[in-house]
Amino acid sequence: MFHFTLEATDGKARAGSFRTPHGVIQTPIFAPVGTQATVKSLTPAQLKELSVNLVLSNTYHLYLRPGDQLVSDAGGLHTFMNWRRPILTDSGGFQVFSLNEIRKVDEDGVIFKSHIDGSMHRFTPEKSVAIQENLGADIIMAFDECADPNKREYIASAMERTHRWLERCIKAKKREDQALFGIVQGGVDPHLREVSAKFVASLDLPGYAIGGLSVGETKAEMNEILDIVPDFLPENKPRYLMGVGSPEDLINGILRGIDIFDCVLPTRLARHGAAMSFSGRINLTNAVHARDWNPIVDGCTCYACRNFSRAYIRHLLMAKEMLAGTLISIHNIHTLEEIVRQSRQAIFEKRFSQFAIDFLQNYHSRITAE
RNA sequence: GGACGGUUACCCAAGUGGCCAACGGGGUCUGACUGUAAAUCAGAUAGCAGAAGCUUUCGGAGGUUCGAAUCCUUCACCGUCCA
């Protein structure tokens, strides 16, 4: 179980497969986010149609509502949400960061205020693991502290605490049918990142994640960190870049040896009216599309593009109809799945570097042209 | 025919002598969104000007005043009531 097979490499880029209790996932892979045990606006059937093979769900949210015990009583997250393919749960660590207005961190864990009813709760590494064991995802994440990249003096202590918490997570873990991934922190400081990567890699884990990126730093800073961290991670284990998912970031990540991505971007942008493509972002609410009878992307094979015009989807957006979010989510996820699929193929064919260069050139030239 | 009430920017709607190019909604336009407190948020919305600023607005016309969307006269239209 949880065996990672490296099937091909091209430069630093890798193609592999990872065995989980709910099936084998082929990497590079993109996982859409289903925070509340649902990928917003999409049914599991639609996700399967999109060839989605991994979804991320969230410990913090499901603990607060409906409660991890209820999910456990339902037979686990897979049964509860009727998603029979692999699931990854985030540990709640990111919420410590993103809900920082209402938190208090100490060595033991973090006290936070529920965004739902204001009640106080406490997460510790042990608690996070226990909740994730109740939820029952295939891959569970260590409870980490994701620090603001701009608070440099704080990053080192947050990183060290994340390391101590990782050891506690490993100790607390009981279930054998879940893979616990450790998380590398260290902000945008290359030295701290190296320290963190070496430490996390020193522990024998089924996979390794890079956290604390795409949280406000520049693309250049993110790429600089991605240039060094994978070098310190074992080759024969999957590497997961947390929270990253714009088309260009996927390419840049794969180029640097990342295997797994997750992101809310395709579904959030969809609900807000923006479509992804190989040549940049398209804001479908723009007036120029009012009478545009073309699909979102010419030649795209997704359900939305095969069946509907930009004009129709814009109308749905203007009328605030739910179907708009569904159709654009389908398109956006299709686009990202297509990027990782084509990347994987290019890696096997040893032409990924050129694929990446072409992709990025096309992507950026189209953006600046518009 | 008479008596009141009303007419404000794309729509609704505040404002009753200077702080009004005019509160607030809606609509529209543009932008943002990366381990989802996000079907959310931000800005713009008379015209011209990147800004300072200038020009034209509050049903029409005329008047009072240093100064009017706000006061007066009159006309038009809408509403309610009376004959």
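Chain A is the first sequence line, chain B the second, and so forth, proteins listed ahead of strands; every chain is numbered from 1.
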Trainee: In whole Å, what separates the C1' atom of B:rA22 from that of B:rU57?
Mentor: 10 Å
Trainee: Could you please name the option among B:rU36, B:rA39, B:rG35 that lies closest to any side-chain atom of A:N58?
Mentor: B:rU36
Trainee: Taking NZ, NE, NH1 and NH2 as the nitrogens, is one of them in A:R168 or A:D108 under 4.0 Å from a carboxylate oxygen of the other?
Mentor: yes
Trainee: Salt bridge between A:D231 and A:K12, side-chain N to carboxylate O under 4.0 Å?
Mentor: yes
Trainee: Round to the nearest Å and state the distance from A:H61 atom NE2 to B:rA38 atom C1'.
Mentor: 11 Å
Trainee: If you look at every strand shown and take non-hydrogen atoms under 4.0 Å, does A:M141 touch a base, only sugar-phosphate, or nothing?
Mentor: nothing
Trainee: In whole angstrom, what separates A:M276's CE from B:rU34's C1'?
Mentor: 8 Å
Trainee: For B:rC33 versus B:rA21, give the span between their C1' atoms, rounded off to a whole number of Å.
Mentor: 34 Å
Trainee: Can you measure A:L269 atom CG to B:rU40 atom P for me and round it to whole angstrom units?
Mentor: 14 Å
Trainee: Rounded off to whole Å, could you give me the CG-to-P distance for the A:L241 and B:rU34 pair?
Mentor: 14 Å
Trainee: So is the aromatic ring of A:H272 stacked onto the base of B:rU40, judging by whether the centres are under 5.5 Å apart and the planes are under 30° apart?
Mentor: yes
Trainee: Quantified in whole Å, what is the P atom distance between nucleotide B:rG5 and nucleotide B:rC12?
Mentor: 22 Å
Trainee: Which part of the nucleic acid, if any, lies within contact of A:G325, taking any heavy atom under 4.0 Å across all strands shown: a base, the sugar-phosphate backbone alone, or nothing?
Mentor: nothing
Trainee: Phosphate oxygens OP1/OP2 of B:rU34: is one of them under 4.0 Å from a side-chain N or O of A:S214?
Mentor: no
Trainee: Please report, rounded to the nearest Å, how far the P atom of B:rU34 is from the CZ atom of A:F30.
Mentor: 13 Å
Trainee: Less than 3.5 Å between a donor and an acceptor, one on the side chain of A:D144 and one on the base of B:rG35, is that the case here?
Mentor: yes
Trainee: What is the base-pairing partner of B:rG18, counting Watson-Crick and G-U wobble geometry with both distances under 3.5 Å?
Mentor: B:rC66
Trainee: If I pick the C1' atom on B:rU73 and the same atom on B:rU28, what distance separates them, to the nearest angstrom?
Mentor: 40 Å
Trainee: Using a strict cut-off of less than 4.0 Å between a Lys/Arg side-chain nitrogen and an Asp/Glu carboxylate oxygen, indicate whether A:E167 and A:R164 qualify as a salt bridge.
Mentor: no
Trainee: Is there a side-chain contact between A:Q95 and the phosphate of B:rG35, meaning an N or O under 4.0 Å from OP1 or OP2?
Mentor: no
Trainee: Under a 3.5 Å limit for both distances, which nucleotide forms a Watson-Crick or G-U wobble pair with B:rA44, could you say?
Mentor: B:rU28
Trainee: Checking all strands, does A:G93 fall into the base, sugar-phosphate, or nothing category for heavy-atom contacts under 4.0 angstrom?
Mentor: nothing
Trainee: Any salt bridge linking A:D292 with A:R314? Criterion: basic side-chain nitrogen under 4.0 Å from a carboxylate oxygen.
Mentor: no
Trainee: With heavy atoms under 4.0 Å as the rule, sort A:D262 into base, sugar-phosphate or nothing.
Mentor: sugar-phosphate
Trainee: Both distances below 3.5 Å, Watson-Crick or wobble geometry, any strand: find the nucleotide opposite B:rC81.
Mentor: B:rG2
Trainee: Please report the distance separating the C1' of B:rG47 from the corresponding atom of B:rC81, rounded so that it comes out in whole Å.
Mentor: 44 Å
Trainee: Is A:R271 close enough to B:rU36 that one of its side-chain N or O atoms is under 4.0 Å from OP1 or OP2 there?
Mentor: no
Trainee: Please report the distance, rounded to the nearest Å, between CZ in A:R65 and P in B:rA37.
Mentor: 12 Å
Trainee: Determine, using ring centers only, whether A:Y60 and A:F94 are less than 6.0 Å apart.
Mentor: no
Trainee: Which value, in whole Å, describes the distance between the P atoms of nucleotides B:rC11 and B:rG27?
Mentor: 16 Å
Trainee: Hey, which of these two, A:E321 or A:A274, hits RNA chain B nearer its 5' end, going by closest nucleotide?
Mentor: A:A274
Trainee: Taking the basic N atoms (NZ, or NE/NH1/NH2) and the acidic carboxylate oxygens, is any pair closer than 4.0 Å for A:R161 and A:E145?
Mentor: yes
Trainee: How far, in whole Å, is B:rG59 from B:rG15 if one measures between their P atoms?
Mentor: 15 Å
Trainee: So what does A:N286 touch, heavy atoms closer than 4.0 Å: a base, only the sugar-phosphate, or nothing?
Mentor: sugar-phosphate
Trainee: Check the distance between B:rU36's P and A:Y63's OH and give it to me in whole angstrom.
Mentor: 17 Å
Trainee: Respond yes when some side-chain nitrogen or oxygen of A:Q36 is under 4.0 Å from OP1 or OP2 of B:rU36, and no when none is.
Mentor: no
Trainee: For B:rC29, does either OP1 or OP2 sit under 4.0 Å from a side-chain N or O belonging to A:R314?
Mentor: yes
Trainee: Rounding to an integer number of Å, can you tell me how far A:R268 CZ sits from B:rU34 P?
Mentor: 5 Å
Trainee: Between A:R14 and A:E7, does at least one N-O distance fall below 4.0 Å, as a salt bridge requires?
Mentor: no
Trainee: Taking only Lys NZ, Arg NE, NH1 and NH2, and the carboxylate oxygens of Asp or Glu, determine whether A:D106 and A:R122 approach each other closer than 4.0 Å.
Mentor: yes
Trainee: Reckon A:I183 touches a base, only the sugar-phosphate, or nothing at all at heavy-atom distances under 4.0 Å?
Mentor: base
Trainee: With RNA chain B as reference, determine whether A:F94 or A:A287 sits nearer its 5' end, using the nearest nucleotide of each.
Mentor: A:A287
Trainee: Hey, does A:E217 reach any base, or is it just sugar-phosphate, or nothing, if we go heavy atoms under 4.0 Å?
Mentor: nothing
Trainee: Distance between the C1' atoms of B:rU64 and B:rC72, in whole angstroms?
Mentor: 7 Å
Trainee: Just call it for A:T267: base, sugar-phosphate, or nothing, with non-hydrogen atoms closer than 4.0 Å on any strand.
Mentor: base
Trainee: Whom does B:rA76 pair with, Watson-Crick or G-U wobble, provided both distances fall under 3.5 Å?
Mentor: B:rU7
